[in-house]
Student: 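Have a look at this one.
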Amino acid sequence: AMLGSLDVQERMGGAAGNFSFAITNEPLPRAPDEVSFAGGEIVGIFILGTYFVIGMGFIPSLIAYHVGKEKEIKAKQQLSIAGMQPLAYYVASFIVDFGAFFAFFAGTLILLAAFGVSPLLGAADIGGIILTFLAFGFAVPPLGYAVSLPFAKADKASGALSVVLMMLG
């Protein structure tokens, strides 16, 4: 027993009492993908996914509601009678609609950073994420405008687009 004790002391590099043992109850260490889905992180991933689906489903429908409501109250016609040029009206509407999307975009980046989704925020990937969201942001207002055309009521256009986009995910 004494010889075994001296052998352990020599291998650990010191006298008795200057070394420690680590005991694990798993045969192998956990893989990175097992660690990322353990415990509370699955809740964070679910919340983040829900945020994406709700945000991307409601932003176009809010734009469709806004355009439909303008059509109901004939706001464009009133502004046209007052002397506003059609190009100025459509450019201003697009800027306002893109601004509404930009709030969602900024909130998404904040949530990605808050939940520590580092694969999407790395230096190599952030450019692709920004480009994807900007492309979505430029595509959303025309989608809202196009969907609102066949509907007479704003709430019906908004509801139909929300249901379709939420089902598509």
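Keep in mind that the numbers below use all heavy atoms, side chains included, and drop hydrogens, waters and symmetry copies.
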Student: Ignoring hydrogens and angles, write down the donor-acceptor pairs under 3.5 Å from the side chains of residues 134-143, residues two or more places apart or on other chains.
Tutor:
none

Student: Are Phe101 and Leu109 connected, step by step, through hydrophobic side chains (Ile, Leu, Val, Met, Phe, Trp, Tyr) whose heavy atoms are closer than 4.5 Å?
Tutor: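 Shared cluster, yes.
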Student: Looking at every heavy atom in both Ser148 and Ala157, which two are closest together, and how far apart are they?
Tutor: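 That closest heavy-atom pairing would be CA-CB, 4.0 Å.
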Student: Give a yes or no on whether Ile110 and Ile126 share a hydrophobic cluster (residues Ile, Leu, Val, Met, Phe, Trp, Tyr; joining criterion: side-chain heavy atoms under 4.5 Å apart).
Tutor: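 No, Ile110 and Ile126 fall in different hydrophobic clusters.
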Student: Can you name the nearest heavy-atom pair linking Gly144 to Ile63, along with the distance?
Tutor: CA-CG2, 4.1 Å
Student: Which pair of non-hydrogen atoms, one from Gln78 and one from Ile73, has the smallest distance, and what is that distance?
Tutor: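 In this case the closest contact between Gln78 and Ile73 is NE2-O, 3.4 Å.
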Student: Does Phe105 have any ring-ring contact (aromatic ring centres under 6.0 Å, His included) partners at least two apart in sequence or in another chain, and if so, which?
Tutor: Phe102, Phe133
Student: Under the ring-ring contact (aromatic ring centres under 6.0 Å, His included) test, which residues partner Tyr89, sequence neighbours left out?
Tutor: none
Student: Which residues pass the side chain to side chain donor-acceptor pair (under 3.5 Å) test with Ser162, sequence neighbours left out?
Tutor: Ser61
Student: Tell me, please, which residues at least two apart from Tyr65 pass ring-ring contact (aromatic ring centres under 6.0 Å, His included).
Tutor: none
Student: State the CG-CG distance between Leu161 and Leu62, to the nearest 0.5 angstrom.
Tutor: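 Between Leu161 CG and Leu62 CG, I get 9.5 Å after rounding to 0.5 Å.
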Student: Say whether Phe98 and Ile130 are linked into one hydrophobic cluster, either directly or through other cluster members, by side-chain heavy-atom distances under 4.5 angstrom.
Tutor: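 Yes, because Phe98 and Ile130 connect within a single hydrophobic cluster, where side-chain heavy atoms sit under 4.5 Å apart.
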Student: State, yes or no, whether a side-chain contact exists between Tyr145 and Leu149 at a heavy-atom distance under 4.5 Å.
Tutor: no
Student: Any salt bridge (charged side-chain N to carboxylate O under 4.0 Å, His left out) pairs touching residues 72-96, not counting sequence neighbours?
Tutor: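 Counting only pairs at least two positions apart or across chains, the salt bridge (charged side-chain N to carboxylate O under 4.0 Å, His left out) contacts touching residues 72-96 are Lys69-Glu72.
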Student: With rounding to the nearest 0.5 angstrom, report the OG1 to CD1 distance, Thr108 to Ile129.
Tutor: 10.0 Å
